[in-house]
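A short write-up of the structure that comes next.
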Amino acid sequence: MNKILVVATGNTGKLRELQAYLANSGWELTLKPAELEVEETGETFAANACLKASQIAQGTGQWAIADDSGLAVDALNGAPGIYSARYGSSDSDRIARLLRELGNTTNRQAQFVCAVAIARPDGTIALESEGICRGEILHAPRGEGGFGYDPIFYVPEKQLTFAQMSRELKGSISHRGQALTVISYQLSVKRHNWV
């Protein structure tokens, strides 16, 4: 019998993405109740992931999983970082602001970071994982897929932006893909000790 794992989001797209990564983990994923909101007050991606997982677990009395992710640009001292989603009112606003702040800077190095945490029903953190994908920021968007900063995040090894990649390719190299692959493995191994 599958155990319930509450996903600390109201976003059905994120739920589907997590379900794809954790399909063979033996856990049944479900969205958090709409009335449960968690303020992200942590100073790192990991702190925010742990905070969300812990509070949702305590609020539901179930195991919970949460992630926090964003873009860290070297020349901007790691900005937008944990504020990636709040860097503008829309994806195009956020991209425009980032490109404006970078200007003609020659150092375009950046990385996407994703932290994932799983909390027990009492709120204690059981598992944590972090994935990092290095790349560069282009001067202009390229590609139609993805979301957020994907059109300007270029991965030299693949010679594509995240927005130009197939879902499968992006999933295999992305920060979120890396973090969730580790979590999926840990879940399948440890689940037997937790049931």
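Taking Q109 as the reference, nothing meets the side chain to side chain donor-acceptor pair (under 3.5 Å) condition, with sequence neighbours excluded. Taking the side chain to side chain donor-acceptor pair (under 3.5 Å) definition, one finds that S89 meets it with D93, sequence neighbours left out. Contacts of L15 classified as side chain to side chain contact (heavy atoms under 4.5 Å, CB included), with partners at least two apart in sequence or in another chain: V7, Q19, L29, L31. When the side chain to side chain contact (heavy atoms under 4.5 Å, CB included) test is applied to D122, the partners found at least two apart in sequence or on another chain are R120, T124. In this view, S92 and S90 satisfy the side chain to side chain contact (heavy atoms under 4.5 Å, CB included) rule, not counting sequence neighbours. Residues passing the side chain to side chain contact (heavy atoms under 4.5 Å, CB included) test with P33, sequence neighbours excluded: E35, L36, T60. Take R108 and apply the salt bridge (Lys or Arg N to Asp or Glu O under 4.0 Å) test, not counting sequence neighbours, and it matches no residue.
No donor-acceptor pair under 3.5 Å is formed between the side chain of S84 and the backbone N or O of G70. Under the 3.5 Å distance criterion, the side-chain polar atoms of R94 are matched with a main-chain donor or acceptor of A85.
Put simply, CG on L22 and CG on L180 are 6.0 Å apart, with the number rounded to the nearest 0.5 Å. In this structure, CD on E37 lies 11.0 Å from CD on Q55, to the nearest 0.5 angstrom. W27 contributes atom CH2, which lies 9.5 Å from atom CD1 of I65 (distance to the nearest 0.5 angstrom). In this structure, the separation between CD on E28 and OG1 on T30 is 7.0 Å, given to the nearest 0.5 Å.
By the 4.5 Å side-chain criterion applied to Ile, Leu, Val, Met, Phe, Trp and Tyr, V113 is assigned to a cluster that also includes F45, I82, Y83, I132. Using a 4.5 Å cut-off between side-chain heavy atoms of Ile, Leu, Val, Met, Phe, Trp and Tyr, L160 falls into a hydrophobic cluster with L71, V73, L76, Y87, I95, L98, L99, L102, F112, I137, Y149, I152, F153, V155, F162, M165, L169, I173.
V182 and V116 end up in different hydrophobic clusters when Ile, Leu, Val, Met, Phe, Trp and Tyr side chains are linked at under 4.5 Å.
By the 6.0 Å contact criterion, CZ on R97 is enclosed, its count of non-hydrogen atoms from other residues, nucleotides or ligands being greater than 12.
Across all non-hydrogen atoms, the minimal contact from G143 to P151 is O-CB, 4.4 Å. Considering every non-hydrogen atom in both P121 and G61, the closest pair reads CB-O, 3.5 Å. S129 approaches A179 most closely through the heavy-atom pair OG-O, 3.0 Å. Nearest heavy-atom pair across L51 and G42 is CD2-N, 4.3 Å. In terms of heavy atoms, A66 sits closest to A49 at CB-O, 3.4 Å. When all heavy atoms are compared, the tightest approach of S174 to G177 is OG-N, 2.9 Å.
Pairs of residues two or more places apart, or lying in two chains, never qualify as ring-ring contact (aromatic ring centres under 6.0 Å, His included) while including a residue from residues 113-137. Sorted by first and then second residue, the pairs that involve residues 147-164 and meet salt bridge (charged side-chain N to carboxylate O under 4.0 Å, His left out), not counting sequence neighbours, are D150-K170. Among residue pairs with one or both ends in residues 65-78, those qualifying as side-chain hydrogen bond (donor to acceptor under 3.5 Å, both in side chains) are K14-D67, N48-D68, D67-R176, S69-R176, D74-R134; sequence neighbours excluded.
A salt bridge links K52 with E40: the distance from a Lys NZ or Arg NE/NH1/NH2 to an Asp or Glu carboxylate oxygen falls below 4.0 Å.
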Q: Verify side chain to side chain contact (heavy atoms under 4.5 Å, CB included) between I118 and I125, making sure each step is shown before the conclusion.
A: CA-CA 6 Å; I118 292 181; I125 300 301; over 6 Å; no
**Q.** From CA spacing to verdict: side chain to side chain contact (heavy atoms under 4.5 Å, CB included), D91, F147
**A.** CA-CA 7 Å; D91 286 348; F147 59 92; 4.1 Å; yes
Q: List the steps and the verdict of side chain to side chain contact (heavy atoms under 4.5 Å, CB included) for E128 and C50.
A: CA-CA 8 Å; E128 286 184 75; C50 289; 3.3 Å; yes
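At least one side-chain heavy atom of Q178 sits under 4.5 Å from a side-chain heavy atom of C133.
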